[in-house]
2 protein chains.
Amino acid sequence: MVVDDDREIRVLLKQFLSRQGYRISTAADGEEMNKVLGDWQIDLIILDLMLPGEDGLSICRELRKTSKTPVVMLTVMGEENDRIKGFSGGADDYIAKPFNPHELLARIKAVLRRTNMVPPASQKAYDQVLCFDTWRLDISERRLTSNSGTMVDLSTAEFDLLAAFAERPQQILSRDQLLDLARGMVEIPFDRKIDMQVSRLRHKIEEDPKHPTLIQTVRGGGYVFTAKVTLQGVVE
Amino acid sequence: MVVDDDREIRVLLKQFLSRQGYRISTAADGEEMNKVLGDWQIDLIILDLMLPGEDGLSICRELRKTSKTPVVMLTVMGEENDRIKGFSGGADDYIAKPFNPHELLARIKAVLRRTNMVPPASQKAYDQVLCFDTWRLDISERRLTSNSGTMVDLSTAEFDLLAAFAERPQQILSRDQLLDLARGMVEIPFDRKIDMQVSRLRHKIEEDPKHPTLIQTVRGGGYVFTAKVTLQGVVE
DNA sequence: AGTGCTGTGTTACAAATCGTTACAAACTTT
DNA sequence: AAAGTTTGTAACGATTTGTAACACAGCACT
């Protein structure tokens, strides 16, 4: 369960973690959280420290009196005191916003393992290879190769951006969405980070970066990955 | 968690108990122990009675004021008074040095059972050989061999790091997590230990350490073991 | 068609992060 | 005790990422 007053975070975490095989409930505050807890068996709670009304820390403390459900606390970057307080409130782990969803996933898995709960099905979800144009993008091996077999060095940001695109072809993705999907970050006004990364990625994968065919610009809207993407599962 | 000023005991107990399926943090004195307790959920503390600075007995008494974490006290052979003092300080059990690690394990299990905590899954899970790329990693024999049968010398740290990776493939592991998983240590700010160990390990297992395919860097996130890992169980 | 405004692409450079080298300290083996 | 090995630290180099500024493209209005 994801407890955060920021609707965008709730929606995006639900989408991301659902794709990893988890079933996600969401709540905007402590009251809603307790209602969900009353109705559903919850294996782990991702709880924002800064909530309106009752804050995450006291919610966590109250929860600890009656429940052993593991808690991963979302804090504000750099607040070491909040981190320590989170643990003293009974949290099992913490992660600072802005965060990379993959790191959150790793922490969730670690916490569940620590509490002897079985992660969802397997890592098969990660054994996917996405094929487009003359490229093969291996998500679990974090590798891009051309059809002829030669590997292209992609930086962390470039790989994550390309993965976000390839997983959602033919959808216009705003800069805000791309930042969140690829980097787990929140956009600030007039932010040009994504434009820079798109330009760099185009230089690595487009035949003619000045006239891109894979990643196309939607003026005022963001970018769209227009390549036809096919999923090539790896047979075991 | 193992609290003992004797580094040898810390390392050996960590290795032995890790092989039994426990995750071990270590501390050299009470101050370090409290730091670890502030950051991590600890199920049981193995605490040496004779510590520099504040002794184990008073550490245990202080701990008992704020925590129910079970404590197994390490005492000196023949000190009946220490044994009695240990219990009066709140220890849950004691064992005299020099001790048989298997007896310590039995006492740990007994204490955990008494406090209704479930030990981790069976130790069968640890009689395992993990295969990836052209390598075979034997966890219980602590050995890495190539598919052609030649052995590679790995130092303790290198082996533990590789095991941590191979047991959690496709998951981004932060430096903090790696330090904990592989070394039972807590990261200090701007710590580069893991980076150094990763570099050394890459030189031993990667085909081209400058363009690593097994251990990949996630900038700002840590490292991820992207090799496909298969479990080859050892037939009993 | 011309003009002005807004949005995007690119370049240059600075900042941040990670990889490597060298060497010292700690540990292990002979 | 000496030699060998492992680990950690500091500093420098390499790579990645972000920012700012300028150039160019697209769109709306006249």
Side-chain angles (χ1 to χ4, degrees), chain A residues 77-78 98 100 103 142 152-162 172-176 178-179 182-206 208-224, chain B residues 5-12 14-15 26 28 142 144 152-162 172-176 178-179 182-206 208-224:
Chain A
M77 166 84 79
N100 179 337
E103 184 181 351
R142 296 183 70 88
V152 175
D153 273 346
L154 292 178
S155 69
T156 299
E158 287 158 4
F159 179 88
D160 289 339
L161 180 62
L162 182 56
I172 298 172
L173 301 171
S174 68
R175 284 168 186 78
D176 198 26
L178 286 166
L179 254 188
R183 314 291 294 277
M185 294 169 83
V186 175
E187 188 188 16
I188 60 177
F190 311 113
D191 195 347
R192 302 295 305 282
K193 278 196 271 292
I194 288 289
D195 304 277
M196 273 299 318
Q197 290 296 340
V198 165
S199 177
R200 285 173 175 149
L201 185 55
R202 277 170 171 161
H203 275 273
K204 290 190 177 181
I205 70 169
E206 296 274 2
D208 179 4
K210 288 183 188 291
H211 301 90
T213 56
L214 303 179
I215 305 175
Q216 299 195 17
T217 306
V218 178
R219 189 179 170 86
Y223 298 95
V224 58
Chain B
D5 60 309
D6 183 335
R7 186 170 182 277
E8 189 161 87
I9 290 203
R10 289 202 306 275
V11 170
L12 290 173
K14 176 177 163 65
Q15 286 176 2
T26 58
R142 296 185 68 85
L144 177 68
V152 174
D153 273 345
L154 293 179
S155 70
T156 300
E158 286 158 3
F159 180 90
D160 289 340
L161 181 62
L162 182 55
I172 299 172
L173 301 171
S174 67
R175 284 170 184 78
D176 197 26
L178 285 166
L179 257 186
R183 313 290 293 278
M185 295 168 80
V186 174
E187 186 188 18
I188 59 178
F190 311 112
D191 194 349
R192 302 296 305 282
K193 276 195 272 295
I194 288 290
D195 303 276
M196 274 299 317
Q197 291 295 339
V198 165
S199 179
R200 287 175 174 146
L201 185 56
R202 277 171 173 158
H203 276 274
K204 290 189 178 181
I205 71 171
E206 295 274 0
D208 179 4
K210 287 184 189 289
H211 299 90
T213 56
L214 303 179
I215 305 176
Q216 296 193 27
T217 305
V218 177
R219 191 176 173 87
Y223 298 94
V224 58

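Labels below follow one simple rule: chain letters A, B, ... track the order of the sequence lines, proteins then strands, and each chain is numbered from 1. Note that this is a predicted model, so its numbers are computed, not measured. Basis for what follows: all heavy atoms, side chains included, without hydrogens, waters or symmetry-related copies.
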Original post:
Taking for each residue the nucleotide of DNA chain C bearing the nearest heavy atom, is the 5' side occupied by A:Met196 or by B:Gly221?
Top reply: A:Met196
Original post:
Roughly how many Å is it from CZ in A:Arg192 to P in C:dG9, rounded to a whole number?
Top reply: 8 Å
Original post:
Under 4.0 Å: is that the gap between some side-chain N or O of B:Lys193 and OP1 or OP2 of D:dT9?
Top reply: yes
Original post:
Counting only N and O atoms by type, is there a donor-acceptor contact under 3.5 Å from the side chain of A:Glu206 to the main-chain atoms of A:Leu214?
Top reply: yes
**OP:** State, with a plain yes or no, whether a side-chain heavy atom of A:Ile205 is found less than 4.5 Å away from one of A:Glu158.
**Re:** no
Original post:
Counting just side-chain N and O atoms, does B:Ser199 come under 4.0 Å of either OP1 or OP2 of C:dC18?
Top reply: no
Original post:
Ignoring hydrogens and angles, are the base of C:dT8 and the side chain of A:Arg219 linked by a donor-acceptor pair under 3.5 Å?
Top reply: no
**OP:** Can you tell me the distance, in whole Å, between the CD1 atom of A:Ile172 and the P atom of C:dT8?
**Re:** 12 Å
**OP:** Scan A:Tyr223 against the nucleic acid and name what it touches under 4.0 Å (heavy atoms): base, sugar-phosphate only, or nothing.
**Re:** sugar-phosphate
**OP:** Rounded off to whole Å, could you give me the NZ-to-C1' distance for the B:Lys210 and C:dG19 pair?
**Re:** 8 Å
**OP:** Would you mind reading off the distance between A:Asp160 atom CG and D:dT16 atom P, rounded to a whole angstrom?
**Re:** 14 Å
Subject >> Between P of D:dT9 and CD of B:Gln197, the distance in whole Å >> reply: 11 Å
Original post:
Do B:Leu154 and B:Leu161 come close enough that some side-chain heavy atom pair is under 4.5 Å?
Top reply: no
**OP:** Looking at every strand, decide which applies to A:Arg202 at a 4.0 Å heavy-atom threshold: base, sugar-phosphate, or nothing.
**Re:** sugar-phosphate
Original post:
Salt-bridged, B:Asp195 to B:Arg175, with N to O below 4.0 Å?
Top reply: yes
**OP:** Before accepting this row, confirm whether a basic side-chain N of the pair B:Asp5/B:Arg10 lies closer than 4.0 Å to the acidic partner's carboxylate O.
**Re:** no
Original post:
What is the distance from CD of A:Glu158 to P of D:dT15, rounded to the nearest Å?
Top reply: 13 Å
Subject >> Below 4.0 Å: OP1/OP2 of D:dT7 and any side-chain N or O of B:Ser155 >> reply: yes
Original post:
Can you tell me if the side-chain N/O atoms of B:Thr217 get under 4.0 Å from OP1 or OP2 in C:dT17?
Top reply: no
Original post:
Any N or O donor-acceptor pair linking the side chain of A:Arg200 to the base of D:dG18 at under 3.5 Å?
Top reply: yes
Subject >> Spacing of A:His211 atom NE2 relative to C:dT8 atom P, expressed in whole Å >> reply: 18 Å
**OP:** Starting at atom CG of A:Leu201, determine the distance to atom C1' of D:dT16, rounded to an integer number of angstrom.
**Re:** 14 Å
